[in-house]
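Remember, it's 1-based here, ligands and their atoms both numbered in the order they're listed. As the structure is a prediction and not an experimental result, all values here were calculated from the model.
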Amino acid sequence: MTNYSVVTNDRYRLNYHVMAPSGWINDPNGFSFFKGYYHIFYQYHPESAVWGPMHWGHARSKDLVHWENLPIALFPGDEEDQDGCFSGSAIVKDDRLYLMYTGHNLHDKNNPDDYWQNQNIAVSDDGIHFTKCQDNPVIAEPPTDNAADFRDPKVRFENGKWLVVIGSKDQQGLGRVLQYQSTDLKNWTYVGPLATAESADTQGFVWECPDLFKLAGQDILIMSPQGIKPQELKYRNLFQTIYLLGTVDSATQQLNYHEFRELDHGHDFYAPQSMLAPDGRRILFGWMDMWESDMPEQADGWAGALTFPRELHLNGDKLCMTPVQEIAQLREHLLVDEADLQAKYCFATPTKSVEYLGEFDTTAAVEVKVTDTDDQVLVGLRFDPEKQKLILEKYNDDLPREVAVTKIDDIHLLLDKSSVELFVNNGEVCFSERIYDEKDFYIETSSDAERFSIKAYQLGKGVFINE
Ligand code: FRU
């Protein structure tokens, strides 16, 4: 019997972002489309607002914006997943929905650092009830040159076979991604490492949650390394999410890539996962939090949320993210529609559920701030034309996030009750932030641009239609 955590206060509950009904969540898992519904699962501890033995929570949606909570899809505790059903992915095969996930097992229940991990399959006919496969674990152990870290399988179908990338760490303490292949999802052959960190300090000691896909003819690997040390403007969070853009060599099956780049520059973004939508879009959810950060909603019986779903696209060699167009279905009415603004414009944000679209097209200074009724700046984004930098400041952190930028075309901002997501220059630079403040909010824009325009919509409730 699951003893569910209880939400005792809704002050920070989000209006249109995926959350669990109560309890703790982290990574998005199993993002897929099956029998007319998008499915999103997430790492879930239903019994309290802190991380614990991982379950898979579950929600589905026909339109990516109105979500329906479903029963827990995976419970830990079987022989192969005694201490957790860790992250993984979903694929559709023969009209059934398959989940591939990591079994987490402790050698000694008192020592969380002494574990083994394996890969498992569960299957469903209706997309709601899942049965773990009798052949589990389908990959019992990592290759011999690997450490115990061996998790987060992301499966795809390519050239007539199933391929899976798995996050891991080698025996030298370097993060890496491994590949396996299969024709039936049950028997897997090791292909080899797809990519490995050059050093733990510069590229990480474990690469978690890998996701390999093609976009506009490029091979892209997104993964979440732990342990990268801050370098000048970069890597200012505890952990990062990185993308590598290049080509997988068909002979060696290794990824030749150009550069290590952060996918989102905000404080609260980790372990994202993408899927190919039926209409060909590549859509991604991230966990909109960070390990070890303060999460004041824990006092209210829950913790953690997913980002608004984002469409991925390439601009040259930059991977960009923009909110999915379905956001239009949440627009209740226009709050602001101003075309010829100068200097400064400020407006209140009723219900704290607002989509803001600013058009600037300028190389002059721009600043967009979310403030409260006491003039406390919760999140302030500033383009400094002299420094040629975009600078994000946040009320509870002294270390700004900074990104090199030469002009501001547009800023798209999504405000919810305890989150702000910013997409600059058609999603070329993004910041995901959780904010906790019970006062009312304003959005204030100032700019030296000759003219700028702002549109803002009040958004309705997306999640959860059955809460
Ligand atoms: C990433 C992660 C994964 C793991 C899961 C456990 O945030 O550490 O590597 O599968 O969380 O909840």
With sequence neighbours left out, the residues meeting ring-ring contact (aromatic ring centres under 6.0 Å, His included) with Phe31 are Phe285
Starting from the N and O atoms of ligand 1, find every protein N or O within less than 3.5 Å and list the pair with its distance.
residue	atom	partner	partner atom	Å
ligand 1	7 (O)	Asp27	OD1	2.7
ligand 1	7 (O)	Asp27	OD2	3.3
ligand 1	7 (O)	Trp291	NE1	3.0
ligand 1	8 (O)	Glu208	OE1	3.4
ligand 1	8 (O)	Glu208	OE2	2.8
ligand 1	9 (O)	Arg151	NE	2.8
ligand 1	9 (O)	Asp152	OD1	3.4
ligand 1	9 (O)	Asp152	OD2	2.7
ligand 1	9 (O)	Glu208	OE2	2.9
ligand 1	10 (O)	Ser87	N	3.1
ligand 1	10 (O)	Asp152	OD1	2.5
ligand 1	11 (O)	Asn26	ND2	3.2
ligand 1	11 (O)	Asp27	OD2	3.1
ligand 1	12 (O)	Asn26	ND2	3.1
ligand 1	12 (O)	Gln43	OE1	2.8
ligand 1	12 (O)	Trp51	NE1	3.0

Using a 4.5 Å cut-off on heavy atoms from C-beta on, say whether the side chain of Phe213 contacts that of Leu276.
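Heavy-atom side-chain distance check fails, nothing below 4.5 Å.
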### Message
Does Glu141, at its CD atom, have more than 12 non-hydrogen atoms belonging to other residues, nucleotides or ligands within less than 6.0 Å?
### Response
no
Please report, to 0.1 Å, the donor-acceptor pairs under 3.5 Å made by any side chain of residues 226-233, with sequence neighbours excluded.
residue	atom	partner	partner atom	Å
Gln226	NE2	Glu208	OE1	3.2
Lys229	NZ	Asp201	OD1	3.2

Check the side chains of Asp397 and His267 for a donor-acceptor pair under 3.5 angstrom, ignoring hydrogens and angles.
yes
In short, salt bridge (Lys or Arg N to Asp or Glu O under 4.0 Å) pairs touching residues 21-46 with sequence neighbours left out are none
